[in-house]
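Report on the structure given below.
Not measured: the values here are computed from a predicted model.
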Amino acid sequence: MAGKDRILILGPTGAIGRHVVWASLKAGNPTFVLVRNHPGSIRDVRLVRAANPETKEELIESFKNSGVTLIQGDMDDHESLVKAMRQVDVVICAVGRLLVGDQVKIIAAIKDAGNVKRFFPSEFGLDVDRHEALDPIREVFEEKVKIRRIIEAEGIPYTYLCCHAFTGYFVRNLAQLDTTVPPRDKVVIMGDGNVKGAFVTEADVGTYTIEAANDPRALNKAVHIRLPANYLTFNEIISLWEKKIGKTLEKTHVSEEKVIKDIKEFSFPNDYLLALYHSQQIKGDAVYEIDPAKDIEASEFYPDVKYTTVDEYLNQFV
């Protein structure tokens, strides 16, 4: 463990934060988490809960038993933030969508602390500088863009983690609303189903995040997770599932116009999920060329990571 950077995770009990914590421990980094004395206010979405069943209390207890250092603090308490920053080398923020704008408080604390070698803002989705997403997710992405520009203007060393589609949101239900398991009879497909998307398990997001945190080549770069075996069209994913269950699903294609109409009419979380699905499955927001001057392709830089394929992930539902 000697010589490894000390890593602080904010939002450690969330859908991604928990996996970053475990990956940091596994990599041998001294691992710290910021915990609040009061519960968060973000609504619990059934799909997220199905993919991440452990409660906050269970996770905190597991963290303590595994050697994680717990730091009491709050994003609204500047002094507690600065105190936390001064104990670590790398800060990884994994707070949820409602707190993205509050990262200005973390940036201010990092500036005052003066010792942080790298900051990972809460991204963990598509590249917010390259997308055609619609509201309500566009509003969140615009907030993330603002945070990027503030980080760069303040001269804070950073890494942006662009992982695209979590299997827990996109694959475990084949992007079907109001269910947490893949369908066995009928499936709704947005568009023609032939647009490539990038899929990754939440645990593998944690692994690649820590790989990047321990890699000086990722300094001031965006790391893109588009894994070769998981860079698939929706039709290809459906085909994998059909082979596993030995059955051909009845398919209904929905036009982009209908999807946009539904996004505007639906309430949270379905409007949010539909906008995510639209971004990847219709607009192709995971399809682009990277710029070696500012981007890193994770599968090329970290070829030794044994990631879970979509094919393997689907086995648990058979």
**Request:** Inspect the surroundings of CD in Glu152 and state if more than 12 heavy atoms from other residues, nucleotides or ligands are less than 6.0 Å away.
**Result:** yes
**Prompt:** Mind checking who shares a hydrophobic cluster with Val82, ILVMFWY linked at side-chain heavy-atom distances under 4.5 Å?
**Reply:** none
**Asked** Rounded to the nearest 0.5 Å, how far apart are NE2 of His253 and NZ of Lys251?
**Response** 7.5 Å
**Asked** Taking the six-membered ring of Tyr158 as reference, does the NZ or CZ atom of Arg148 fall below 6.0 Å from its centre and within a 45° cone about the axis?
**Response** no
**Request:** Identify the heavy atoms of Lys244 and Leu314 that sit nearest to each other, and give their distance.
**Result:** CE-CB, 3.7 Å
**Message:** Suppose we screen for side chain to side chain contact (heavy atoms under 4.5 Å, CB included). Which residues come up paired with Asn115, at least two apart in sequence or across chains?
**Reply:** Arg86, Ala113
**Prompt:** Any ion pair linking Lys105 and Asp76 (charged N to carboxylate O, less than 4.0 Å)?
**Reply:** yes
**Message:** Counting only heavy atoms from other residues, nucleotides and ligands, does the tally under 6.0 Å from NZ of Lys196 exceed 12?
**Reply:** yes
**Prompt:** Got a donor-acceptor contact below 3.5 angstrom from the Ser24 side chain to the Val20 backbone?
**Reply:** no
**Request:** State which residue, out of Leu274, Ile260, Asp271, Leu276, fulfils the side-chain contact (heavy atoms from CB on, under 4.5 Å) condition with Leu134.
**Result:** Ile260
**Request:** Take atom CD of Glu265 as the centre, draw a 6.0 Å sphere, and report whether it contains more than 12 heavy atoms from other residues, nucleotides or ligands.
**Result:** yes
**Request:** Answer yes or no: is there an ion pair linking Glu132 with Arg138, defined by an N-O contact shorter than 4.0 Å?
**Result:** no
**Message:** On the six-membered ring of Tyr288, is Arg226 placed so that its NZ or CZ lies under 6.0 angstrom from the centre and within 45° of the ring axis?
**Reply:** yes
**Message:** Looking at Arg18 and Glu54, is any side-chain nitrogen of the basic one under 4.0 Å from a carboxylate oxygen of the acidic one?
**Reply:** yes
**Prompt:** Of Asn214, Asp89, Asp5, Thr159, which meets side-chain hydrogen bond (donor to acceptor under 3.5 Å, both in side chains) against Arg118?
**Reply:** Thr159
**Message:** List the residues meeting salt bridge (Lys or Arg N to Asp or Glu O under 4.0 Å) with Arg172, not counting sequence neighbours, and say none if there are none.
**Reply:** none
**Prompt:** Run the side-chain hydrogen bond (donor to acceptor under 3.5 Å, both in side chains) check on Ser62 and Asn65 step by step: do they pass?
**Reply:** CA-CA 5 Å; Ser62 294; Asn65 294 337; 5.8 Å; no
**Request:** Inspect the contact between Lys146 and Glu142 and indicate whether a charged nitrogen and a carboxylate oxygen are less than 4.0 angstrom apart.
**Result:** no
